[in-house]
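FYI, side chains are in, hydrogens and waters are out, and symmetry mates aren't considered; it's all heavy atoms of this structure. Here, residue 1 is the first one in the sequence, and each next residue gets the next number.
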Amino acid sequence: MLQYDFMRNALAAGFLIALLCPVIGSFLVLKRFSMMGDTLSHSAFAGVALGAFFGLNPSVASLIYTLLAALLIEYLRNRFKSYEEVVMSIVMTFNVGLAIILASRGSSANIESFLFGSILTVEPSDLFLIAAVTLISLIFIRIFYSQLLYITFDEEGAEISKIPVVSLNYLFMALTGATVGVSIRITGLLVISSILVLPVAAALNLRAGFRKTLLWAVGFGLIAVLSGLVLSYYLDSAPGGTIAIMSVAVLLCSFFLR
């Protein structure tokens with residue numbers, strides 16, 4: 001298996017995504033933004049369709065478009081604080097509509113690999129993008145860990161304590177959008193939430209403190225993604241679907257650990 005370049009690229013990309021997604025997902029879940037992954041994955045779908053329509057690199061187009069969509073969601077969330085779920089529905093609906101229109105006009109080539117994930121299409125340029133987003137995100141979270149934690153549990157209290165809540169929320173949402181945008185090569189658009197949310201849910205089930213929950217989530221993410229990729233190679237199945245099944249299996253196993 002490891003003698004193939006595409007498999008080495010897929011495993012390296014999967015390792016980075018398994019580190020990144022649960023870390024971002026831990027803050028999203030505790031902020032009760034579990035549906036953010038689905039909303040941004042549909043935005044990534046529109047980004048891929050736009051890239052294909054205009055003849056651009058779909059990975060780069062998806063990354064940029066999803067990042068902008070995440071910033072738009074944060075802007076609308078600040079405008080409609082009492083209706084945050086509605087904001088996500090609005091953005092998701094628009095992007096699904098846009099993606100379907102573009103795909104129906106003949107720009108659907110290669111979109112299937114983004115819908116379900118593919119270990120065959122992970123190129124060195126994708127690996128570079130994933131590594132860059134992972135490095136930037138982890139450095140950001142390490143530097144602002146305490147402030148982000150405060151905002152996650154008590155946004156109003158953080159504002160009173162003079163923490164730059166608005167700026168940090170925008171930066172965090174931008175990194176969330178970038179995370180989803182670069183992850184779809186491996187996980188696929190339809191199941192990105194499985195690696196953003198399910199490892200975190202499994203870790204929360206152990207009822208440890210936040211830092212331990214973060215570490216457990218990363219561990220569960222690594223197990224789900226790497227085992228899903230290996231199984232998808234031997235079973236010749238879509239990696240996104242296999243990773244989703246393994247994520248659920250990891251969640252079920254966490255019930256026996258406690």
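Sorted by first and then second residue, the pairs that involve residues 126-137 and meet salt bridge (charged side-chain N to carboxylate O under 4.0 Å, His left out), not counting sequence neighbours, are Asp126-Arg185. The salt bridge (charged side-chain N to carboxylate O under 4.0 Å, His left out) pairs that include a residue from residues 86-98 number zero, where partners must be two or more places apart or lie in different chains.
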Kindly indicate, with the supporting measurements, whether the criterion side-chain contact (heavy atoms from CB on, under 4.5 Å) is fulfilled by Leu40 and Ile73. CA-CA 9 Å; Leu40 291 177; Ile73 291 171; 3.9 Å; yes

Do Leu229 and Tyr233 pass the side-chain contact (heavy atoms from CB on, under 4.5 Å) test, and can you show the C-alpha distance, the side-chain angles, and the key distance before you say yes or no? CA-CA 6 Å; Leu229 284 173; Tyr233 171 81; over 6 Å; no

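At a threshold of 4.5 Å between non-hydrogen side-chain atoms, the residues Leu30 and Leu204 count as touching. At least one side-chain heavy atom of Lys31 sits less than 4.5 Å from a side-chain heavy atom of Asn169. Two residues are said to be in side-chain contact when any heavy atoms from C-beta on lie closer than 4.5 Å; Leu11 and Phe15 fail this criterion. Between Leu206 and Phe220 there is a side-chain heavy-atom pair separated by less than 4.5 Å.
Atom OG of Ser183 is separated from atom CG of Leu129 by 11.0 Å, given to the nearest 0.5 angstrom. If you take CG on Leu71 and CG on Leu76, they are separated by 11.0 Å, rounding to the nearest 0.5 Å. The CZ atom of Arg8 sits 11.5 Å away from atom CG of Leu127, with the distance rounded to the nearest 0.5 Å. In this structure, CZ in Phe53 is found 10.5 Å from CD1 in Ile101, a value given to the nearest 0.5 Å. The structure places CG of Leu56 at 8.5 Å from CG of Leu50, a figure rounded to the nearest 0.5 Å.
The heavy-atom pair separating Ala61 from Gly51 by the smallest distance is CB-CA, 3.6 Å. Here the closest non-hydrogen pair linking Val225 and Gly14 is CG1-O, 3.4 Å. Pairing each heavy atom of Ala44 with each of Val180, the nearest pair is CB-CG1, 4.5 Å. Between Ser227 and Met246, the shortest heavy-atom distance links the atoms OG-CE, 3.4 Å. Residues Gly181 and Ser62 share a closest heavy-atom pair of O-OG, 3.7 Å.
Annotation: side chain to side chain donor-acceptor pair (under 3.5 Å) contacts of Thr213 (sequence neighbours excluded): none. Evaluation of the side chain to side chain contact (heavy atoms under 4.5 Å, CB included) rule for Tyr234 yields Met1, Val230 as partners, not counting sequence neighbours. In this structure, Asn9 has no side chain to side chain donor-acceptor pair (under 3.5 Å) partners at least two apart in sequence or on a different chain. Listed by chain and number, the residues in a salt bridge (charged side-chain N to carboxylate O under 4.0 Å, His left out) with Arg211 amount to none (sequence neighbours excluded).
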Listed pairs under 3.5 Å, donor-acceptor, residues 144-164 side chains, sequence neighbours left out:
unit_1, atom_1, unit_2, atom_2, d
Tyr150, OH, Ser161, OG, 3.2
Thr152, OG1, Leu148, O, 2.7
Asp154, OD1, Gly157, N, 2.9
Ser161, OG, Gly157, O, 3.0

Using distance only, find each side-chain donor-acceptor pair of residues 88-100 under 3.5 Å and give its atom names and separation, not counting sequence neighbours.
unit_1, atom_1, unit_2, atom_2, d
Ser89, OG, Glu85, O, 3.3
Thr93, OG1, Ser89, O, 2.7
Asn95, OD1, Tyr65, OH, 2.5
Asn95, ND2, Ser43, OG, 2.9
Asn95, ND2, Val91, O, 2.9

Side-chain atoms of residues 130-138: list all donor-acceptor pairs with protein atoms under 3.5 Å, sequence neighbours left out, distances to 0.1 Å.
unit_1, atom_1, unit_2, atom_2, d
Thr134, OG1, Ile130, O, 2.7
Ser137, OG, Val133, O, 2.7

When the side chains of residues 17-29 are checked against the rest of the protein, which donor-acceptor pairs come out under 3.5 Å, sequence neighbours left out?
unit_1, atom_1, unit_2, atom_2, d
Ser26, OG, Pro22, O, 2.7

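Leu226 and Leu231 fall into different hydrophobic clusters, where Ile, Leu, Val, Met, Phe, Trp and Tyr residues are linked whenever their side-chain heavy atoms come under 4.5 Å apart, directly or through other members. Cluster annotation: Leu215 and Val200 are assigned to distinct hydrophobic clusters (Ile/Leu/Val/Met/Phe/Trp/Tyr, side-chain heavy-atom contacts under 4.5 Å, transitive). When hydrophobic clusters are built by joining Ile, Leu, Val, Met, Phe, Trp and Tyr residues whose side-chain heavy atoms come closer than 4.5 Å, directly or via intermediates, Ile243 is not grouped with Ile245. A chain of hydrophobic side-chain contacts below 4.5 Å, direct or via other Ile, Leu, Val, Met, Phe, Trp or Tyr residues, connects Met173 to Val166. Under the 4.5 Å side-chain heavy-atom criterion for ILVMFWY residues, a single connected hydrophobic cluster contains both Ile139 and Val218.
Other cluster members for Phe255: Leu198, Val248, Leu251, Leu252, joined by side-chain heavy-atom distances under 4.5 Å among Ile, Leu, Val, Met, Phe, Trp and Tyr.
Checking side-chain atoms of Asp236 against main-chain N and O of Ser232 turns up no donor-acceptor pair under 3.5 Å.
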